[in-house]
Structure formats: structure tokens, C-alpha cells
Student: 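Below are the C-alpha cells for one structure; questions will follow.
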Amino acid sequence: MAPPGKRHRAQSTKIQVIIRRFTKFQAKYLTTDFAKRLVFDPSLLWISAILLIIGELFVNVLVIQRIPYTEIDWIAYMQEVEGVVNGTWDYSKLRGDTGPLVYPAGFVYLFTTLYYVTNYGKNIRLAQYIFCGIYLITLTLVFRIYSKSRKIPPYMLIFICCTSYRVHSIYVLRLFNDPVAVMLLFCSINLFMEGYWSLGSVFYSFAVSVKMNILLFAPALLLAYIASQGIYGTLKQLTICAGLQIMLGAPFLLTNPIAYLVGAFNLGRVFLFEWTVNWRFLPEEIFVHPGFHFALLLLHVTLLAIFAKPWYRYMKSFAKLQPTGVGMVSQLFLLPLFTANLIGVAFSRSLHYQFYVWYFHTLPYLLWSTPYSIWLRLCILGLIEMCWNTFPSTHASSAILHVCHILIISGIFWRRHPTKDLNIDIKKEK
């Protein structure tokens, strides 16, 4: 047994070590400078992300418990997949209260699973909690993208989490299929960023099989395939994407291939004017006119062609720099993807309220890719949120939404040569 003097000295030494460690911790973290970095430094975004995800868990539980569920499409989804459960594989015979089934096979399999898990679709509360999980997974995937790319400041995560009632409503109060497709999309983007191209293609194709809007990312993704994988690698990835679609759709294709292809991948579907968010200021006869649809398609393709050259340059630089392992390199990959989707949204024949999640999580990234001041970026973000929360949409809300889209696309076009600045930042990070 050590003498009392030695025990006292040993205890004093331990106390001194603890005090020194606390002093170092205090000097490093308990400072005004570090507090500012938590708010503004993209490299510390992960800290805010963890706290906000925990907070969002409680917020969503509160929303589910306190705010009444609103039935829109859930019962129709269950009716559509119930036909498959009962042995009907003829796509033309699958329908619900809102009309015929218009989604690809991946939707059928996923919502058939939910059909069984939720007691044939009757346990709405359980379905809400499942969609709460989908929301949190999506948020985690998005925050990982933002943390790795180091593009936006941490305080912008608050705008993603805390300012959109509409998005929370789409996920846990409406139970649309759009959030499921978006979750799978962001999973694929994370895999692409890490160089898992084949697995990423599987998840991307699976997302398309849930809802076709995911194809809006396809033009930029094709350029990414070509730039990073070469011609043969691109053919391999396209084969994976197409093969998964054929495999998932096989039972329907073998039964009635025309009905499945026309119904699930109907690019000419006419939407109801009463639900449009973006074209309320047009007369209904113009809204449903095929000439208007063709003009939008032409503008969409033209803008994609204008952006194709800088996008390909970004993707070539991404392919070259990705092996360095520097997270900021992913900016070269993300901007073309997100911009291609925005262009598709901007020239959509109609946007319904649940379509907001198609691009909501990418808006901060897109705005921080423009040359605008922070206040103008936040103003644009606020106006977009206002437009999507105006129900029913008005002439003014639709027009403002288009102005915001045009401003973002124009700003990205003006700053379409960011590679030099990014190279400088990468050298600093190294």
C-alpha cells in the first residue's frame, strides 16, 4: 500500500491533468470564434446536422401526434397494389379511387410491402411513422452530401429543417410516393460520390421505378458516366439501369407489355389544371394544349444543350480529382445533377404540391452556386417556400415561382466556370 504522501501526490497529478485538458478544451471550443465557426464554417456542418436530425425526430413525432392526417392518395395506392396482391398483373386493370395506376413496378413492390406492414393499409399511424423514418433517412443522406461538399454554411440546415411546413406535411401527413423516390435518389448520389458507380446505378434505377421524375437528373448523370467511366463503362451502367427496370417490370411485361409501358412511362399524361402550382396564370385551354407541352419540351431540351458543355467539363474534372479523396471535389458532380433537375422542374407541364420534394433539398446548394448576395439567396428561398404554401395557387404565386427559378438558373449560368476557384480551395484543404 502506497504511503499517504504518495497517494496525495498521485491524486494531485490526476487533477492537474484533468484541469490542463479542460483548459485546452475551453481554449479550443468554448470560444466565440468556435461558436461562429459552428454557424458559418462548412467543415463543421456535421455537428449541426447531428443535432438537427435528433431535433427533427421529436418534431415529426409531435406533428404526427398533434396534426390530423389528410387523406389524398394513400387509399388509392393501397387499392392499386391490392390488385396485384389478388393476382392481377395486367397493368391496365390496376386502379384506385383517383384513377388508373401510373407508376412503374418499383412503386408496386414497395407499396405492397407497406400494404402488408400496415394491416392492408388500415394502420395509418404506423404508415406515418414509417414515412417519418424515410424523412430522417433522406435528411441524413442530404446532410452527408452537404458536409462532404462543403458548399453551404451550417446555418442553412435550419432552413432545410425548420422552415417548411409543406415538406413535413408531404412526408408524414400525406404519405405520397415522391419522398420514397427522393430517398433512393439521394442514396444513389452518395454512392456515386464515393465511386460506387454500379451500386449507385442500381439505387438510381430503383428510384426511377418508384416515380419517373427522377429521370430529370438523367442528362447530367449520363455525362458523369461518360466522363468517369468511358464508353464501355457507360454502356455497363446503362445496362444495369435498364436491366433493373426489365427485371422489376417482368411480371407486367409478360402479361400485357403495351399496357405497362404506356401506363407506367406515359410522358404525355395531361394533368388537371385545378392542382397546378406553376401555371395558374395561364388560361386552361392553353395549359392543356399539346402545342404548349411541345414548347416546354423544346425549351427544356434547349437549356440542357446550353449547359451540356460546362457540365461535361465539371464531370471530367470530377473524374480526374475524385481519387484525391477531397470531399470538395464532389461539388463538380453535384452542381450539374441538381441544375438538370431544376431545369426539368422549371419547365414541367404542371407541378403539384407534393412535387416540392423533387428539388427542395437541393435549393440551398443551387442558391449558393449563384453570385447573388446572401440576402437575395434567402429572399429567393423564402419566396419559393411562400409559393408552395399558397393554396390554392394564384396568378401571382405561380409567376413568382417562375421568376425565382429563372433567377437561380441564370445565376448558375453566370458562374458556370468555378473550376479554377475549386482547384485553389482543394489545394488549401490538402
Side-chain angles (χ1 to χ4, degrees), residues 52-81 96-99 102-103 107 110-111 113-143 157-186 207 210-211 213 271-272 274-278 345 350-363 381-382 384-393 397 401:
L52 286 170
I53 289 169
I54 295 171
E56 275 289 343
L57 172 60
F58 293 100
V59 168
N60 278 273
V61 170
L62 193 64
V63 169
I64 292 169
Q65 294 294 330
R66 296 294 180 87
I67 301 177
Y69 162 79
T70 303
E71 172 54 41
I72 297 180
D73 281 341
W74 174 259
I75 291 176
Y77 292 165
M78 296 298 102
Q79 291 169 339
E80 289 161 0
V81 301
D97 288 343
T98 59
V102 294
Y103 307 117
F107 163 86
L110 281 173
F111 277 81
T113 303
L114 291 174
Y115 173 84
Y116 284 115
V117 170
T118 60
N119 189 26
Y120 313 120
K122 297 173 184 177
N123 192 338
I124 302 294
R125 184 53 56 86
L126 176 58
Q128 287 182 279
Y129 279 110
I130 291 171
F131 273 78
C132 172
I134 291 170
Y135 175 80
L136 293 174
I137 292 170
T138 303
L139 212 57
T140 302
L141 293 168
V142 171
F143 286 174
L157 299 189
I158 296 174
F159 289 87
I160 295 175
C161 291
C162 305
T163 61
S164 184
Y165 169 79
R166 175 67 65 189
V167 169
H168 285 87
S169 172
I170 290 168
Y171 275 84
V172 299
L173 297 179
R174 303 293 191 273
L175 311 182
F176 289 113
N177 64 329
D178 304 75
V180 182
V182 169
M183 177 189 70
L184 293 169
L185 167 76
F186 282 118
V210 175
K211 193 155 187 179
N213 68 284
F271 295 94
L272 295 175
E274 63 179 297
W275 294 111
T276 187
V277 175
N278 57 331
V345 170
S350 185
L351 295 174
H352 294 178
Y353 286 95
Q354 66 268 31
F355 297 178
Y356 191 18
V357 298
W358 290 7
Y359 74 146
F360 170 76
H361 296 100
T362 68
L363 286 172
L381 197 63
I384 291 174
E385 179 68 21
M386 180 200 73
C387 294
W388 284 97
N389 280 283
T390 301
F391 179 82
S393 61
S397 67
L401 185 62

Student: Relative to the ring of F111, is the ring of F131 parallel (under 30°), tilted (30 to 60°) or perpendicular (over 60°)?
Tutor: tilted
Student: Side chains of W275 and Q354: does their closest heavy-atom pair fall under 4.5 Å?
Tutor: no
Student: Is it the case that the side chain of Y77 and the backbone of N177 share a donor-acceptor pair, with hydrogens and angles ignored and the cut-off at 3.5 Å?
Tutor: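 Answer holds: yes.
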Student: For a 4.5 angstrom cut-off between non-hydrogen side-chain atoms, does W74 reach T118?
Tutor: yes
Student: For the atom pair CD1 (I72) and CG (L175), what is the distance rounded to the nearest 0.5 Å?
Tutor: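 The distance works out to 9.5 Å.
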Student: Indicate the atoms forming the closest heavy-atom contact of V117 with I130, along with that distance.
Tutor: CG1-CD1, 3.9 Å
Student: Do T276 and L351 make a side-chain contact, defined as non-hydrogen atoms from C-beta onward lying under 4.5 Å apart?
Tutor: no
Student: Does any non-hydrogen side-chain atom of T362 lie less than 4.5 Å from one of F186?
Tutor: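 Yes, side chains in contact.
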Student: Side-chain contact, heavy-atom cut-off 4.5 Å: R174 with D73?
Tutor: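 A side-chain contact under 4.5 Å is absent here.
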Student: Where do L141 and M183 come nearest, in terms of heavy atoms and distance?
Tutor: CD1-O, 3.6 Å
Student: For residues E385 and Y165, is any side-chain donor paired with an opposing acceptor at under 3.5 Å?
Tutor: no
Student: Provide the closest heavy-atom pair for L52 versus C161 in the form atom of the first, atom of the second, distance.
Tutor: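 Of all heavy-atom pairs spanning L52 and C161, the closest is CB-SG, 4.0 Å.
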Student: Between Y135 and N60, is any side-chain donor less than 3.5 angstrom from a side-chain acceptor?
Tutor: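 No.
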Student: Walk me through it: do V167 and Y356 pass the test side chain to side chain contact (heavy atoms under 4.5 Å, CB included)?
Tutor: CA-CA 7 Å; V167 169; Y356 191 18; 3.9 Å; yes
Student: Does some side-chain heavy atom of I53 sit less than 4.5 Å from a side-chain heavy atom of F143?
Tutor: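 The answer is yes, as the side chains (C-beta and beyond) meet within the 4.5 Å cut-off.
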Student: Return yes if some donor-acceptor pair links the side-chain N/O of Y115 with the main-chain N/O of Q79 below 3.5 Å, else return no.
Tutor: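 No.
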Student: For the residue pair W358 and F355, does the interplanar ring angle fall in the parallel (under 30°), tilted (30 to 60°) or perpendicular (over 60°) class?
Tutor: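 Geometry flag for F355 against W358: parallel rings.
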Student: Looking at A181 and A207, what are the two nearest heavy atoms and their distance?
Tutor: O-CB, 3.5 Å
Student: Any chance you could measure L114, atom CG, to N123, atom CG, to the nearest 0.5 Å?
Tutor: 11.5 Å
Student: Within this structure, what is the CD1-NZ distance for the pair I124 and K122, rounded to the nearest 0.5 Å?
Tutor: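 I124 CD1 to K122 NZ: 11.0 Å, rounded to 0.5 Å.
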Student: Taking the side chain as C-beta and beyond, is there a heavy-atom pair between H168 and E56 under 4.5 Å?
Tutor: yes
Student: If I take atom CZ from residue R166 and atom OG1 from residue T390, how far apart are they, to the nearest 0.5 angstrom?
Tutor: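 Between atom CZ of R166 and atom OG1 of T390 there are 8.5 Å.
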Student: Nearest 0.5 Å please: distance from the CG atom of D178 over to the OH atom of Y103.
Tutor: 6.5 Å
Student: Answer yes or no: is there a side-chain heavy-atom contact under 4.5 Å between V61 and Y129?
Tutor: yes
Student: Roughly how far apart are N278 CG and S397 OG, rounded to 0.5 Å?
Tutor: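 The distance works out to 9.5 Å.
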Student: When Y171 is tested against each of V182, L139, V180 for side chain to side chain contact (heavy atoms under 4.5 Å, CB included), which residue passes?
Tutor: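 For Y171, the side chain to side chain contact (heavy atoms under 4.5 Å, CB included) check succeeds only for V182.
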Student: Can you give me the closest heavy-atom contact between F360 and F159, atom names plus distance?
Tutor: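 Scanning both residues completely, I find the closest heavy atoms to be CZ-O, 4.1 Å.
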Student: Side chains of Y69 and Q128: is there a donor and an acceptor less than 3.5 Å apart?
Tutor: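 Judged by distance alone, the side chains do not pair up.
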Student: Could you pull out the closest heavy-atom pair between C132 and I64, with the gap in Å?
Tutor: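 Where C132 meets I64 most closely, the heavy atoms are CB-CD1, 4.0 Å.
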